[in-house]
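Being a predicted model, the structure only gives us computed values, none of them experimental. In what follows, chains carry the letters A, B, and so on, assigned in the order in which the sequence lines appear, proteins first and then strands, with residues in each chain numbered from 1.
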There are 2 protein chains.
Amino acid sequence: MLTDASKPLYEVKANLFKGLAHPARIRVLEILSGAEEVSVAGLLTETGLEASNLSQHLGVLRRFLLVTAERRGSLVYYRLAHPEVAELLRVARSLLAAVLQDNRDRLEVADSLPALTELPR
Amino acid sequence: MLTDASKPLYEVKANLFKGLAHPARIRVLEILSGAEEVSVAGLLTETGLEASNLSQHLGVLRRFLLVTAERRGSLVYYRLAHPEVAELLRVARSLLAAVLQDNRDRLEVADSLPALTELPR
DNA sequence: TGGCGATATGATGGATCCGTCAAACCAGCA
DNA sequence: TGCTGGTTTGACGGATCCATCATATCGCCA
């Protein structure tokens, strides 16, 4: 599991990234980064996902201890389990910015990098 | 792909995390975080992986633009493509520390974690 | 109690990822 | 040229992940 201390750190860390490795989950975490808490209903309308699909992803995020859920009335409210999650997303974005920038600077390697061949324009 | 600007940002970001979501790749990136550059031979002995397995993972990291490779003589040297990669790993570690700490505070055993993550009834 | 809206869980087929084996490639050197 | 160590690539079975459908649970209210 994510928090199993018997595993080496790099394995636990890889696990963390695996928990983040899906667009729907990133979407949810970003929405939660911009608000104290959001109900599942709110996430549903903001993401446009199918209810059960969203719930699956929320389950993953819960199991990876990245979010917490609290039921009040008939709604369930989610929030980030730690502010560091938002921080991680910010750093990820700045890394992406660096990669993209760097990439624009040297388009000549395009032929050797499959990733580059799909670049627009 | 990782750098395809036509895709929404959260999808590109999820892709980045997918590139990081494996212990061997985390291991390599951490080794590269502590040195200017390391040859494949060096990575081989430090990680203990099979040559072709390591090469596969290096290929992934290259395709995701997280590392760069340069051949000098008969050896190939790898280095981080951007310092932000190391930064991302640091933030990931601090997030993990927070999760683990928070977890120890709430309950004792790591094995009972699934119960902790269940929804309140 | 029964029904309804909101959310979660279980099962299933299809896609993707992983480790390993075999083969190819590349740079130096005899 | 051919050999050798270092590195990459291609292919394949097995494992894991994903979206969807069907079903279950919870809290509320009539």
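Atom CG of B/L54 is separated from atom P of D/dG6 by 14 Å (rounded to the nearest Å). For A/E50 and C/dT7, the CD to P distance is 15 Å, given to the nearest whole Å. One atom, CG of A/N15, and another, P of D/dC17, lie 9 Å apart when rounded to the nearest Å.
Checking the phosphate oxygens (OP1, OP2) of D/dA19, a side-chain nitrogen or oxygen of A/H57 falls inside 4.0 Å. A sub-4.0 Å separation between OP1 or OP2 of D/dT9 and a side-chain N or O of B/R62 is present. For D/dA19, the OP1/OP2 oxygens have a side-chain nitrogen or oxygen of A/H22 closer than 4.0 Å.
Contacts of B/Y77 with the nucleic acid, taken as non-hydrogen atoms under 4.0 Å apart, are absent. At the heavy-atom level, B/R25 lies under 4.0 Å from the strands shown only through sugar-phosphate atoms. Within the nucleic acid shown, B/A51 comes within 4.0 Å of at least one base atom, counting heavy atoms only.
For the pair B/E30/A/Y10, a side-chain contact is recorded, criterion being any heavy-atom separation below 4.5 Å from C-beta on.
Side-chain N/O atoms of B/Y78 and B/R62 include a donor and acceptor closer than 3.5 Å.
Both A/Q56 and A/S74 lie close to DNA chain D; mapped to their nearest nucleotides by heavy-atom distance, the more 5′-ward contact belongs to A/Q56.
Set against C/dC17, C/dT7, D/dT7, the side chain of A/V76 has C/dT7 as its closest nucleotide.
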